[in-house]
Q: 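Okay, here's the structure, questions in a sec.
Keep in mind that this is a model prediction, so the values were computed, not measured. Below, all heavy atoms of this structure are taken into account, side chains as well, without hydrogens, waters or symmetry copies. One-based numbering, in listed order, for ligands and for the atoms of each.
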Amino acid sequence: METIARRHTTRHYLMCPPTHFDVTYSINPWMNPGKPTDQSIAMDQWQRIHDQLVDLGHTVDLVPPLPGLPDMVFAANGATVYGDKALVARFVYAERDAESPGYLDWFAARGLSVQQAELSNEGEGDFLAAGPWILAGNGFRTDRRSHVETEEYFGRPVIGLTLVNDKFYHLDTALSALDEHNIMYFPEAFTRGSQAILRQLFPDAIIATHEDAEAFGLNAVSDGKHVLMPEGAANLTAQLRKAGFEPIGMDVSELLRAGGGVKCCILELHDEAPAG
Ligand code: ARG
């Protein structure tokens, strides 16, 4: 990828404080309910992510955390939102089911047209805007048939990508969109066919190493210039700098006990439907 002066645009995000954060069940390989968690550390890590976004000039709204839902901090999974339309998640695991009404109510109260997905669909955890496309993960959580549902609902082309490594169970753990044209990803998290699609669409992408992916470095949020990401992904950080981006490393050690990082905590509300 070329080194050029990157420009950011101000964004609108939705987050959910980890008031009820805990690991009481295991639905991904990072979660071990036998190990104690520290809610105050999680809150501190989350607050730093929130404040960093605000300092960069972005608008951050909050959805109220609901008791008994320890994973609700991972707001990226709540919905996919473009313009005035929200498609709210249908979670695969019963443990997270009750989060959906919280998002349905929040978007409805703001006058968006809201629908809950018919089939398993974990929101922006698996649906990421990249230029004119929506890149969509499947394999562990979102049902491939829900890609069609999303395409119909928004009238945007969806590119399906299949995940194969259960440590990288959502698309946003294996791939991150940096701006309209650029992405970074970990090829081995995808089937060969999906790797070929990614090479065709994004020949200049930044390629993550296994260490980057293990450090959750792809669970990142970019505003076109600043890239908030879990700290520790050394190779990715260096490549981003070289390409003119400004990586900002965040400590997410406690959130990672639930299998979540920076991006998982942030749902982007694309106030303008993506250009295309
Ligand atoms: N414990 C949560 C789960 O497994 C973590 C969700 C992470 N979110 C994300 N967007 N990758 O559902």
Q: Report the part of E124 in contact with ligand 1, treating N, CA, C, O as backbone and CB onward as side chain, heavy atoms under 4.0 Å; options are side chain, backbone, both, neither.
A: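 The answer is neither; E124 stays 4.0 Å or more away.
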Q: I'd like to check whether T173 has a polar contact with ligand 1, where a contact means an N/O of the residue lying under 3.5 Å from an N/O of the ligand.
A: no
Q: Tell me, please: is R141 in heavy-atom contact with ligand 1, that is, under 4.0 Å?
A: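 It does, in that a heavy atom of R141 comes within the 4.0 Å cut-off of ligand 1.
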Q: Please state which protein non-hydrogen atom is closest to atom 1 (N) of ligand 1 and give its distance, to 0.1 Å?
A: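 Checked against all protein heavy atoms, atom 1 (N) of ligand 1 sits closest to A258 O, 2.7 Å.
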Q: Just which atoms of ligand 1 are under 4.0 Å from any heavy atom in D172?
A: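 Every atom of ligand 1 under 4.0 Å from some heavy atom of D172: 9 (C), 10 (N), 11 (N).
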Q: Quick one: are L161 and L135 in side-chain contact, heavy atoms under 4.5 Å?
A: yes
Q: Which residue, D143, T162, D126, forms the side-chain hydrogen bond (donor to acceptor under 3.5 Å, both in side chains) with N138?
A: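 Single pass found, and it is T162.
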Q: Quick one, F127 and T150 - any side-chain contact, counting heavy atoms below 4.5 Å?
A: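 When only atoms from C-beta onward are counted, T150 and F127 do touch, with a gap below 4.5 Å.
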Q: Do N77 and R96 have side-chain atoms, one donor and one acceptor, less than 3.5 Å apart?
A: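 Judged by distance alone, the side chains do pair up.
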Q: Strictly under 6.0 Å, is that where the ring centroids of F21 and W46 end up?
A: no
Q: Counting each atom of ligand 1 from 1 as listed, which ones have a heavy atom of C264 under 4.0 Å away?
A: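 Every atom of ligand 1 under 4.0 Å from some heavy atom of C264: 7 (C), 8 (N), 9 (C), 10 (N), 11 (N).
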Q: Give me the residue, atom name and distance of the protein heavy atom closest to atom 12 (O) of ligand 1.
A: R96 NH1, 2.7 Å
Q: Is there a polar contact, in the sense of an N or O pair closer than 3.5 Å, between H170 and ligand 1?
A: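 Indeed, backbone or side chain, H170 has an N or O that close.
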Q: Hey, is K263 touching ligand 1 through its side chain, its backbone, both or neither, going by heavy atoms under 4.0 Å?
A: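 The answer is neither.
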Q: Between the side chains of S40 and D38, is a donor N or O closer than 3.5 angstrom to an acceptor N or O?
A: yes
Q: Can you check whether F140 and H170 have ring centres sitting under 6.0 Å from each other?
A: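 Ring centroids of F140 and H170 are no less than 6.0 Å from each other.
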Q: Does ligand 1 have a heavy atom under 4.0 Å from the side chain of Y93, from its backbone, from both, or from neither?
A: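 Neither part.
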Q: Within ligand 1, which atoms have a heavy atom of D71 less than 4.0 Å away?
A: 1 (N), 2 (C), 3 (C)
Q: Quick one: look up the protein heavy atom nearest atom 6 (C) of ligand 1 and list residue, atom name and how far away it is.
A: N77 OD1, 3.4 Å
Q: Find all atoms of ligand 1 within a distance of less than 4.0 Å from any non-hydrogen atom belonging to M31, and give their numbers and elements.
A: 1 (N)
Q: Considering only heavy atoms of Y169, which atoms of ligand 1 have at least one such atom less than 4.0 Å away?
A: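 Taking each heavy atom of Y169 in turn, ligand 1 has 4 (O), 5 (C), 6 (C), 7 (C) under 4.0 Å.
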Q: If you count heavy atoms of other groups shown closer than 6.0 angstrom to CD of E118, is the number above 12?
A: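 Atom CD in E118 is not crowded, with 12 or fewer foreign heavy atoms closer than 6.0 Å.
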Q: Provide the number and element of each atom of ligand 1 under 4.0 Å from a heavy atom of G125.
A: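 Result: 10 (N).
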Q: Would a line drawn from the ring center of Y13 to the ring center of H50 be shorter than 6.0 Å?
A: no
Q: Taking 4.0 angstrom as the limit and counting only heavy atoms of G259, give me the atoms of ligand 1 inside it, by number and element.
A: 5 (C), 7 (C)
Q: Taking the six-membered ring of Y153, is the NZ or CZ of K85 close enough (under 6.0 Å from the centre) and on axis enough (within 45°)?
A: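 Relative to the ring axis of Y153, which defines the angle, K85 lies inside both limits.
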